[in-house]
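First up is the structure itself, then whatever we jot down about it.
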Number of protein chains: 2
Amino acid sequence: MEQGKTNGEVLKKYRVGVEAALEVMGGKWKPLIIYHLFTGRKRSSELRRLIPDITQKMLTTQLRGLEKDEIVQRHVYSEVPPRVEYELTAYGYGLKPALDLLCYWGEDHLDKVYGDKSKVLEKFKSIET
Amino acid sequence: MEQGKTNGEVLKKYRVGVEAALEVMGGKWKPLIIYHLFTGRKRSSELRRLIPDITQKMLTTQLRGLEKDEIVQRHVYSEVPPRVEYELTAYGYGLKPALDLLCYWGEDHLDKVYGDKSKVLEKFKSIET
DNA sequence: CGGTATCCTATGGGATACTG
DNA sequence: CAGTATCCCATAGGATACCG
């Protein structure tokens, strides 16, 4: 238990904390968009190519949400044809550890579901706080 | 980049991994339920008390989902009045590292939104893989 | 006490067409 | 190329009442 806080405060912190995080990166496409931006800024067409199943509308919608939460920054170049690039903020990059852990857990889960041996779980249990 | 895998394979792995994880624990109340179960098995009425805003229906629904994915185990006692307890499986407990990171990031996000200093981010950047 | 069964609505997300 | 505007649908989630 953290110091100087009541159970209720810690509980509330946890609640809004995890909920806030899920609001920010919990959309259907947001984790994937963020993932691709981990490797550097991408223009809109690149993201569409990297995420074939996403529609233009959803790409825009999810990016706007991420922009509002200051996870990504939008760079507009006044050219013809227009060019727009999206870049993770340092703040958004801070989601990487959490997303990576979620990813590894998810892989492990899929292995489990599909009958493979659980092998990723061990790898990260040392990180438990 | 992981060994022996193409970019596509790694990408696909990441995609389904993070999506699978969000399917399992991405519900509105699931993280909160899981959190409370981190501290030990709880009976249904305890969870409702700990999560005042949840309805009976949603508690049952989310718990059934978690049970299906083998995150929680349901223990039924044939008594009068009936008693039912829910317990995290070892497998479900493996979500703790990821949930904790999400929680800390979310707290930091809320501090940021509400004008406080960002102070949790530093704490975990060493975990980045 | 714990759980269903209805019923309802809010909304996240998709398809398509259009614009600067 | 990047984005908006409609229109539409599936479903997650809430309110309420009832059951063993």
Side-chain angles (χ1 to χ4, degrees), chain A residues 15-16 18-37 40-69 71-88, chain B residues 15-16 18-37 40-69 71-88:
Chain A
R15 193 182 84 88
V16 293
V18 88
E19 283 184 355
L22 286 181
E23 276 178 27
V24 170
M25 47 60 71
K28 179 170 181 179
W29 304 100
K30 283 177 181 174
L32 208 41
I33 292 172
I34 296 170
Y35 167 69
H36 286 297
L37 294 181
R41 69 156 73 180
K42 301 271 186 301
R43 58 187 297 181
S44 187
S45 52
E46 288 183 273
L47 288 172
R48 277 215 314 284
R49 182 172 47 77
L50 290 167
I51 314 174
D53 288 343
I54 198 173
T55 62
Q56 172 73 51
K57 175 195 171 185
M58 285 318 295
L59 179 61
T60 303
T61 302
Q62 304 273 296
L63 280 169
R64 289 291 180 283
L66 293 172
E67 197 185 354
K68 182 175 63 61
D69 290 322
I71 304 301
V72 304
Q73 188 173 4
R74 187 165 174 257
H75 302 274
V76 182
Y77 298 85
S78 298
E79 305 172 355
V80 179
R83 185 165 109 246
V84 178
E85 292 182 357
Y86 293 93
E87 181 182 28
L88 271 188
Chain B
R15 194 182 85 88
V16 295
V18 89
E19 284 184 356
L22 285 181
E23 276 178 29
V24 169
M25 48 60 72
K28 180 170 181 179
W29 304 101
K30 283 178 182 175
L32 208 42
I33 293 172
I34 295 171
Y35 167 69
H36 286 298
L37 294 181
R41 68 156 73 179
K42 302 270 185 303
R43 57 187 297 181
S44 187
S45 54
E46 286 183 273
L47 288 173
R48 277 213 315 284
R49 182 173 46 77
L50 291 167
I51 314 175
D53 288 343
I54 199 173
T55 61
Q56 171 72 51
K57 175 196 171 185
M58 284 318 296
L59 180 61
T60 302
T61 302
Q62 306 271 298
L63 280 169
R64 290 291 182 282
L66 292 173
E67 196 185 354
K68 182 176 62 61
D69 290 321
I71 304 300
V72 305
Q73 188 174 3
R74 188 163 174 259
H75 301 272
V76 183
Y77 298 84
S78 298
E79 306 172 355
V80 179
R83 183 166 112 245
V84 177
E85 292 182 355
Y86 293 93
E87 180 182 28
L88 271 187

> Within the structure shown, what part of the strands sits under 4.0 Å from A/Tyr86 by heavy-atom distance: base, sugar-phosphate, or nothing?
Replying inline: sugar-phosphate
> With sequence neighbours left out, which residue pairs that include part of residues 20-29 of chain B fulfil the side-chain hydrogen bond (donor to acceptor under 3.5 Å, both in side chains) condition?
Replying inline: none
> Taking the side chain of B/Ser44 as its heavy atoms from C-beta onward, which of C/dC1, C/dG3, D/dT4 lies nearest to it?
Replying inline: C/dG3
> Do B/Val18 and A/Tyr35 pass the side-chain contact (heavy atoms from CB on, under 4.5 Å) test, and can you show the C-alpha distance, the side-chain angles, and the key distance before you say yes or no?
Replying inline: CA-CA 10 Å; B/Val18 89; A/Tyr35 167 69; over 6 Å; no
Measure the spacing between [atom1] of [X] and [atom2] of [Y] and express it to the nearest 0.5 Å.
X       : Y       : atom1 : atom2 : answer
A/Glu19 : A/Leu22 : CD    : CG    : 8.0 Å
B/Leu59 : B/Leu63 : CG    : CG    : 4.5 Å
A/Lys57 : A/Gln62 : NZ    : CD    : 10.5 Å

> Is any side-chain heavy atom of B/Ile34 closer than 4.5 Å to a side-chain heavy atom of B/Leu88?
Replying inline: yes
Looking at [X], does any N or O in its side chain come under 4.0 Å of the phosphate oxygens OP1/OP2 on [N]?
X       : N     : value
A/Ser45 : D/dA2 : yes
B/Arg74 : C/dG3 : yes
A/Arg43 : D/dA2 : yes

>> Within the 4.0 Å limit for protein heavy atoms, which parts of nucleotides 8-20 of chain C are touched? Write it as a string from 5' to 3', B for base, S for sugar-phosphate only, - for none.
In response: -----BBB----B
Report the distance from atom [atom1] of [X] to atom [atom2] of [N], rounded to the nearest whole Å.
X       : N      : atom1 : atom2 : answer
A/His75 : D/dC1  : NE2   : C1'   : 18 Å
A/Arg49 : D/dA2  : CZ    : C1'   : 16 Å
B/Glu46 : C/dC1  : CD    : C1'   : 13 Å
B/Leu63 : C/dG2  : CG    : P     : 11 Å
A/Glu79 : D/dG3  : CD    : P     : 13 Å
B/Arg64 : D/dG13 : CZ    : P     : 16 Å
B/Tyr77 : C/dG3  : OH    : C1'   : 18 Å
B/Lys42 : C/dG2  : NZ    : P     : 14 Å

> Residues in salt bridge (charged side-chain N to carboxylate O under 4.0 Å, His left out) with B/Glu85, at least two apart?
Replying inline: B/Arg41, B/Arg83
> Quantified as the angle between the terminal helix axes (five pairs each), what is the overall bend of the helix from C/dC1-D/dG20 to C/dG20-D/dC1 to 10 degrees?
Replying inline: 50°
Side chains of residues 45-54 of chain B: which donor-acceptor pairs under 3.5 Å do they make with residues two or more places apart or in other chains?
residue: B/Glu46; atom: OE1; partner: B/Arg43; partner atom: N; Å: 2.9
residue: B/Arg48; atom: NH1; partner: B/Gln56; partner atom: OE1; Å: 2.6

> B/Gln73: what forms a side-chain hydrogen bond (donor to acceptor under 3.5 Å, both in side chains) with it, not counting sequence neighbours?
Replying inline: none
